[in-house]
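Below is one structure, written out as structure tokens, with a few remarks after it.
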Amino acid sequence: PDLAVIVVAAGSGTRLGSPTPKAFVPLAGRPLLEHALTAVFRMRQPAQVVVVAPKAHADEAQAIARRVAGPLAGLVSVVPGGATRQESVVGGLAALADGIRTVLVHDAARALTPPALLDAVAAAVTESGNGIVPGLTVVDTIKRVTGDGAVLGTVDRSELSAVQTPQGFPREVLDAANRAYSGPGDTTDDAAIVAAAGHPVSVIAGDPLAFKITTPWDLRRAELLLGDTAS
Ligand code: C5P
């Protein structure tokens, strides 16, 4: 394939209140990573899949990936994660096969992301050559506030987009941007790294189902949504 998906799954479960790393927390009986990979393997186009997992969970990640991939297991590899999300992405990039031209970076924590969103991002990268990020309009009124809660002002929400993953890029652009990047080490946004390198990034329509499971409330919401689709 000339498409690859790096699924970053090496984060902790701290905000979920879980001792288990988040990607391995069960949702309706299956780990978040398994849900996320199921969508990746339902994409229209076959893709190389690199799962970036905590070292201590490499075997478990491998078993999940094999289970989901079935006959496509040859397309999957598991690599150890880094201390930050960006380091994890760089680890994933190092595992890409030579022929890969387009890369999607996807959070395992966005477990309910529909395959159609992955397809749409991949197609938009191929068509435009830009970095592509799915985003949703912001419905709440957003205030800028001080640390102690005093309101400084209202942000013009027509200029805002709440961005999700998968984020897609031409492979050489994402590689070069990560090599050149010297900003804060804790950035959680690949598009910011690519934009910092001067490459254009565009937003396409995201999907509410691509929400990131971060808190126990998000996990509950995901369970309810799965119950809906199963019935
Ligand atoms: O912590 P947060 O929810 O923002 O993480 C987003 C995604 O990045 C998750 O899927 C998480 O597993 C991944 N991650 C990673 N390596 C890290 C930190 C986060 O792969 N060091």
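One-based numbering, in listed order, for ligands and for the atoms of each.
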| message | For a side chain to side chain donor-acceptor pair (under 3.5 Å) check, start with the C-alpha distance between Thr187 and Asp189, then their side-chain angles and the critical distance, and finish with the verdict. | response | CA-CA 6 Å; Thr187 181; Asp189 182 34; 5.7 Å; no

| query | Can any side-chain N or O of His199 pair as donor or acceptor with the backbone N or O of Gly129 at less than 3.5 Å? | reply | yes

| message | Tell me whether Gln45 contacts the main-chain N or O of Pro1 through its side chain, where contact means a donor paired with an acceptor under 3.5 Å. | response | no

| field | Arg221 atom CZ, neighbour heavy-atom count above 12 within 6.0 Å | value | yes

| field | Asp98, CG: over 12 other non-hydrogen atoms inside 6.0 angstrom | value |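 Atom CG in Asp98 is not crowded, with 12 or fewer foreign heavy atoms closer than 6.0 Å.
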
| task | Would you mind checking if Arg85 and Asp190 are paired as a salt bridge, meaning a charged N to carboxylate O distance below 4.0 Å? | result |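 Yes, Asp190 and Arg85 are salt-bridged.
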
| Heavy atoms under 4.0 Å from ligand 1: which residues qualify? |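 Near ligand 1, by chain and number: Val8, Ala9, Ala10, Gly11, Arg15, Lys22, Gly82, Ala83, Thr84, Arg85, Ser88, Asp107, Ala108, Ala109, Lys212.
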
